[in-house]
There are 2 protein chains.
Amino acid sequence: MDYQFLSRTALFRGIQPEEIKTMLSCLTAERKSYEKGEMIYRAGDAAASLGVVLDGKVLIEHDDLWGNTTVLDSVLPGQIFAETYACTAGEPLMVNVEAAERSQILFLNVSRVLRSCTHACAFHGKLIRNLLALSAQKNLNLSRKIFYTASKSIRGRLTAYLSDQAVRSGSSSFTIPFNRQQLADYLNVDRSSLSAEIGKMQREGLLRVKKNLFEIMR
Amino acid sequence: MDYQFLSRTALFRGIQPEEIKTMLSCLTAERKSYEKGEMIYRAGDAAASLGVVLDGKVLIEHDDLWGNTTVLDSVLPGQIFAETYACTAGEPLMVNVEAAERSQILFLNVSRVLRSCTHACAFHGKLIRNLLALSAQKNLNLSRKIFYTASKSIRGRLTAYLSDQAVRSGSSSFTIPFNRQQLADYLNVDRSSLSAEIGKMQREGLLRVKKNLFEIMR
DNA sequence: TCCTTTTTGTTGTTTTGACAACAGATTTGT
DNA sequence: ACAAATCTGTTGTCAAAACAACAAAAAGGA
């Protein structure tokens, strides 16, 4: 097990590799391998353990009532998944978790993580605080998405998103981490309609766009 | 200060009133009063403290670019607010927090809550775990809303919402905690269009509705 | 009870955006 | 550099939903 690697993840940040080694046995962590396409969790499952991706890639997906699959998120090495479900005992997953390629996953039983540790584990508390920080961060990301999609018009969603990006970047010009299709998915609108709206706003002089570089005119 | 009351809140659950008293001084908690309409936090503020509503009522609001105010949530006695921001240092609030009536708020500085406590506070860890549970719970609520509004059609949103309610209630008939306007706001659609769609689905024999009681036909 | 207020359903009109199809641009691989 | 694949912008059509206005129903108060 690569404890050096783990100590650089958000979950184990601030905990020494030596200490992680001790903790993992204390927490009876399990490591498992998955082949490409294999299901790690299924919607409806009760996930008692959170997963840390050690290697490979994991997709969080949703199948709607008509069988269409949407990728909601991808989880890369060092990142975690299912922690929300693991932290709210009994809640069934709303999503499928699938290995996008051959992957190594470390599972941590959250009830053990949360159980206060009477003996050694001095860094146990640090782990929980890291988990809280991750949870709060995810919370903000979800809230943001809800904010951006609160408007019913494409323009409204786009301006909500773009003006927030401008504020966060501290400049009226900034690059976004999405291509058009991804931005359309994120804002929950049709790609071609989004492109059309961007074009219209440029013609109205509200925006200058070159690829992923946006500039808001005032 | 009513420590009995606090020990029944989700944040202090499992901590004895006596212990809470000790903790609050250790955490240098502050109590403040707000008049109706007074702003507790403003969008853009960096909230270092989470708020516990002791008495009164607090509204979480959003003002969009055109000045329209939307109420996102209301926080009642025993519940908390701004914890997400307090847990992610430096993130400015996306919302306004306003006293809906004369209110008493207890502020807890989260950096103190998170700082591991070398001395007395045996229940300090419990407080953090409660906070994590609250955060995970809020996370699920946000995720659910995103799920329900993932479809672009009113019918898609409504069926996503209703079928999940049916699953959670463990029955094909159940009551929902919203009136029509609130449900429309939650699903981010127009109320009258929602009513029309519900009517249509009833005529198609997919649904039976009486007030807030829904029955899904199969 | 009667009156008022709020909630809900209905309908017609108008706007918006999804969708489809395609062409030009850009990127990637060889 | 060339071909193939991917991404982006444009346009027209059409269905869906927003919006507005109103009537019916339900809830609440005096």
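Order of the sequence lines sets the chain letters (A, B, ...), proteins ahead of strands, with each chain counted from 1.
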In whole angstrom, what separates [X]'s [atom1] from [N]'s [atom2]?
| X | N | atom1 | atom2 | result |
| --- | --- | --- | --- | --- |
| B:Ile198 | C:dG9 | CD1 | C1' | 10 Å |
| B:Leu207 | C:dG9 | CG | P | 11 Å |
| B:Leu213 | C:dT8 | CG | P | 14 Å |
| B:Lys211 | D:dA25 | NZ | C1' | 12 Å |
| A:Lys200 | D:dT10 | NZ | P | 12 Å |
| A:Lys210 | D:dT8 | NZ | C1' | 15 Å |
| A:Gln202 | D:dT8 | CD | P | 13 Å |
| A:Glu197 | D:dG9 | CD | C1' | 13 Å |

Notebook entry, point to check: Nearest nucleotide by nearest heavy atom, which residue falls closer to the 5' end of DNA chain C, B:Ala196 or B:Asn212?
Noted result: B:Asn212
Check: Between B:Arg42 and B:Glu61, is the closest basic N to carboxylate O distance under 4.0 Å?
Finding: no
Notebook entry, point to check: If you measure from the Lys or Arg side-chain nitrogens to the Asp or Glu carboxylate oxygens, is any gap between A:Lys32 and A:Glu38 under 4.0 Å?
Noted result: no
Checklist line | Residue B:Glu30 excluded, over 12 heavy atoms near CD under 6.0 Å | finding: no
Item checked: Exam field: side chain A:Thr149 to backbone A:Lys145, donor-acceptor pair closer than 3.5 Å -> yes
Note to self: Has A:Arg208 got a side-chain atom pairing as donor or acceptor with A:Leu213's backbone, closer than 3.5 angstrom?
What the structure shows: no
Notebook entry, point to check: If you check every side-chain atom of A:Ile154, which of D:dA17, D:dA27, C:dA18 has the closest atom?
Noted result: C:dA18
Next item on the list: Mind listing the residues from residues 179-193 of chain B sitting with a heavy atom below 4.0 Å of DNA chain C? Number order is fine.
Entry: B:Asn179, B:Arg180, B:Gln181, B:Arg191, B:Ser192
Check: Any idea how B:Tyr148 and B:Tyr161 line up, ring-wise: parallel (<30°), tilted (30 to 60°), or perpendicular (>60°)?
Finding: perpendicular
Checklist line | Heavy-atom pair of closest approach, residues B:Cys87 and B:Leu131 | finding: SG-CD2, 4.1 Å
Checklist line | A:Ser195 vs A:Lys152, nearer the 5' end of DNA chain D by closest nucleotide | finding: A:Ser195
